[in-house]
Asks: 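Pasting a structure here, questions to come.
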Amino acid sequence: MVLRVVLVAACISLASPGLAQDRIQVVTTTTDLRSLTEAVGGDRVAVVSLAPANMDAEDYQPRPQDVLRLKNARLMVRVGLDYDLWVDRLLAQAGKPEISRGGPGYVDASFAIAVLELRGMSVGPGDGHAHGSGNPHYWLDPKNAEMITGTILEALARIDPDNAPRYEANRTAFLERLRARLAEWESKLAPLRAMPMVAFHNRWPYFARRFRLDFIGFIEIKPGVPPGPAHLAGIVRTMRERGARIVVREPQEPERDVAFVARSAGASIVTLAASVGALPDTGDYIALFDANVAALTLAAGLQ
Amino acid sequence: MTETLAFLLPAFLVAVCLVGIHVYFGIQVLTRQVIFVDLALAQIAALGATVAFMLGHSPQSPAAYGYSLGFTLGAAVLLAFTRFWATRVPQEALIGVIYVVAAAAAILLIDRAPQGAEHLKQILTGNILTSGWNEIAAIVPLYAAVGLLHWVLRRRLTASAGLFWEFVFYASFGVVVTSSVAIAGVLLVFSFLIVPAAIGVMFSSSPARQLAIGWITGTLVSAAGLAVSFAFDVPTGAAMVCTFGLALAIAGLLYPLLRGDRRKASRTALATARWCAAVLLAGAALQLALAPRADQPLLDALETAFPSLRSLYFSRSEAATFAEASETAERHRAAAERLNDLEKRNRTEGEALDDVSIGRISSFLKSYGEMRKGEQFVMNEVRARARERVRWGASLALLALALLAAPIGWRRRPM
């Protein structure tokens, strides 16, 4: 097994110099960061995301080849905020100081992001996400893409200074496109402002803040722990009292539990993607919001 | 309150249905000594659903159900054979292998499918709390049909039947398990299957009585589990499984009292309880003497239950420092919560906060978190120092208590 891994590594490293000259190899932990890195790097970068689009990147189980991917990478972009802790072990195994913490090719995309729902360092009681460092789903605010792409641009310019102007032009063009779309999304979601909604998991605070949506409760408060009866009854009661008509679910979340809550409260279910590629037609960062905005407006119009 | 109870009613009725059919199968499974066969069958059904999913069928479609059923029937053939193959290797070992291979094969398959892992998880982790009337309407006729089939074929479907009847047994069991696991999850279905049946087998040797005892205890314990889940607002399935475990433990403890030599049994029980207490106390004494700054599970638990115990060994200044730190920590927590609430309200109410304000809130929250951690450090330090101070005396006292608790013979032979 070890021998085979070494052989594969040798083959790839023999083959890679040619490739590396062409494009900068970048590894991201999630597909969202892959999409944003591609937006900045354009055709100068070849980006792979370690966690596939179709699963919760928080629970990703690394594969043997991931170490090889990191070994060949010149840039590593992660979500940070305790979201993709699994990449730390991979980085230690890859043993490349350039892309490890403190190296020029290490990017923590949460840098300078205004973090929501910070609850100190302790995973304490109270509702909310089990993240001591704040809610990590910050890419779901399109405005945050400015900061994220800024951090990525800085890193790309550091390791490939010759092409820095190109990266900057790419980013500016992308942000222009994004701003235009953002205005459109905001106007489309304006009728949903303060409309009470429930989600399965607290993954949407940044999205809610940007589009002024009101998530009044979550079915599963602690990831992986099924809700107790009083909590579930409370959610349904609040939904009835406040006339919540929408339950947001992601494709990987349990259909049965969400359907139960929706049925009990007389609401409809909207499936949204929290990551690029999690649903069909969410191939890149802008398409992700296009799809989510369309799904939400459709559900709100169905009432 | 009534709303919550309204939630629990379908869950309870589902539990009664599941108890009804699983106690019967449980007695059969115990007789055949194939305890984990339900896990293997559920896993095989999940593998079938995964294959269907890979081929593009949606998880709730008839096609997906067809694949599940096909795989389950295939597994039933395999399981029927294992009894005849298993001459030197126990059948349970082969069942275990079927289970792990089915689980691993499903993982390999879903590695290629979008959302596959989550779908597979959903097949095996039902939640009895979110059962609906539609599910009751689906399982009642199914279980009634299976029950009737087994009643009609009761002379054939014995543990010593031939290959074909063995197949019928496993096939019908597979059909039941596939539906029940999707509703209640693997852990709870296993409890429904084994615990009431085991209690029945423990207290009677006639099949009819075993079944009756199993049904009654299964229903009562399910109700108790639901009540626990309701009272403490904890996950229903897990609460029920633990209640079933407790019920089996109680039944196991009662058995020698009811069936054996009552005096001898109660003496043994008392001696065991006293030994447990003695070991616990001696362990706590040792831990306190050797590592006063480490966790003291027994003392910590007692202090959590009765905070006034601290006044026994805190000096006045220590008590004051501890109380002040605790208050300050709570104040920081409340302040952070207020900020979080403010930000949350502001998402939809009034003017939106700009990123600078959000950043400021975020850094305030970080500071509150750090300050709270600091206060918690002070509390721990004060307690550790107080414990260090009293460790020898307290350890000796605990040790003396341990000696008192231990049922050692010399105390009965004075002089």
Side-chain angles (χ1 to χ4, degrees), chain A residues 52-56 59 63 112-122 124 126 128 132-134 143-144 147 193-196 205 208-215 225-234 236-237 250-261 263-264 277-280, chain B residues 1 3-8 11 59-60 111 113-119 121-122 125-127 129-132 182-183 226 229-230 232-239 332-333 336-337 340 343-344 346-349 352-353 355-362 365-366 368-373 376:
Chain A
N54 51 47
M55 64 181 294
D56 199 343
D59 300 333
R63 320 271 146 102
I113 295 284
V115 178
L116 298 181
E117 299 180 349
L118 233 149
R119 289 197 154 78
M121 303 308 285
S122 58
S133 346
K143 258 256 150 83
N144 278 344
M147 200 58 86
R193 178 170 171 182
M195 184 185 282
R209 176 179 165 240
R210 180 58 53 206
F211 297 109
R212 316 220 70 187
L213 307 174
D214 192 7
F215 284 94
V225 184
H231 171 70
L232 212 54
V236 171
R237 189 179 52 237
E250 286 167 64
Q252 80 274 10
E253 287 169 349
E255 235 166 325
R256 202 169 158 270
D257 295 3
V258 175
F260 177 81
V261 170
R263 200 168 56 226
S264 306
L279 282 175
Chain B
M1 171 93 180
E3 279 163 351
T4 318
L5 287 178
F7 266 34
L8 291 175
Q60 256 86 41
D111 195 40
Q115 278 99 46
E118 302 297 332
H119 279 297
K121 213 163 81 188
Q122 285 178 38
T125 53
N127 180 358
L129 182 62
T130 52
S131 309
I183 292 175
L226 285 168
S229 156
F230 171 70
F232 300 100
D233 194 24
V234 287
T236 310
H332 291 327
R333 193 196 62 76
E337 278 314 302
N340 266 323
E343 183 276 318
K344 188 151 187 276
N346 191 265
R347 284 178 208 162
T348 50
E349 292 169 12
L353 289 173
D355 281 2
V356 177
S357 322
I358 292 289
R360 200 179 296 151
I361 288 181
S362 168
L365 288 174
K366 219 174 259 178
Y368 279 131
E370 289 299 323
M371 292 193 302
R372 193 168 150 225
K373 236 172 70 179
Q376 278 163 349

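Nothing here was measured: the structure is a model prediction, and the numbers come from that model. Here is the naming used below: chain letters follow the sequence lines, and residue numbers restart at 1 for every chain.
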Asks: Can you tell me which portion of S357(B) sits under 4.5 Å from chain A's heavy atoms? Options are side chain, backbone, both or neither.
Replies: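 Neither part; nothing is under 4.5 Å.
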
Asks: Look at S229(B), P235(B), A11(B) and state which one has the largest set of heavy-atom pairs under 4.5 Å with chain A.
Replies: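 Of S229(B), P235(B), A11(B), P235(B) has the most heavy-atom pairs under 4.5 Å with chain A.
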
Asks: Are side-chain heavy atoms of T130(B) and L232(A) found at a separation under 4.5 Å?
Replies: yes

Asks: Please classify the contact of L213(A) with chain B as side chain, backbone, both or neither, using a heavy-atom distance under 4.5 Å.
Replies: backbone

Asks: For the residue pair L129(B) and P226(A), establish whether any side-chain heavy-atom pair is separated by less than 4.5 Å.
Replies: no

Asks: Should R256(A) and S131(B) count as side-chain neighbours, where that means a heavy-atom distance under 4.5 Å?
Replies: yes

Asks: Please flag which part of L8(B) lies under 4.5 Å from any non-hydrogen atom of chain A: side chain, backbone, both or neither.
Replies: side chain

Asks: With respect to chain B, which residue among P229(A), A114(A), G228(A) yields the maximal number of heavy-atom pairs within a distance under 4.5 Å?
Replies: P229(A)

Asks: Using non-hydrogen atoms and a 4.5 Å limit, figure out which bit of L353(B) sits close to chain A: side chain, backbone, both or neither.
Replies: backbone

Asks: Has M371(B) got more than 12 heavy atoms of other residues, nucleotides or ligands less than 6.0 Å from its CE?
Replies: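 Counting neighbours around CE of M371(B), more than 12 heavy atoms of other residues, nucleotides or ligands fall under 6.0 Å, so yes.
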
Asks: Name the region of F211(A), side chain, backbone, both or neither, that has any atom closer than 4.5 Å to a heavy atom of chain B.
Replies: neither

Asks: Would you check if P227(A) and T236(B) make a side-chain contact, meaning some heavy-atom pair closer than 4.5 Å?
Replies: no

Asks: Considering only NZ, NE, NH1 and NH2 on the basic side and carboxylate oxygens on the acidic side, decide whether R209(A) and D355(B) come within less than 4.0 Å.
Replies: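 The answer is yes: the pair qualifies as a salt bridge.
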
Asks: Closer than 4.0 angstrom, basic N to acidic O: yes or no for E117(A) and R347(B)?
Replies: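 Judged by the 4.0 Å cut-off on N to carboxylate O distance, E117(A) and R347(B) do form a salt bridge.
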
Asks: Heavy atoms only, distances under 4.5 angstrom: which of I113(A), D214(A), V225(A), N144(A) has the most pairs with chain B? Name it, please.
Replies: D214(A)

Asks: If you count every heavy atom of other residues, nucleotides or ligands that lies below 6.0 Å from R360(B) atom CZ, does the total exceed 12?
Replies: no

Asks: What part of V236(A) is in contact with chain B, defined as an atom under 4.5 angstrom from a non-hydrogen atom: side chain, backbone, both or neither?
Replies: side chain

Asks: Side chains of L116(A) and K344(B): closer than 4.5 Å at any heavy-atom pair?
Replies: no

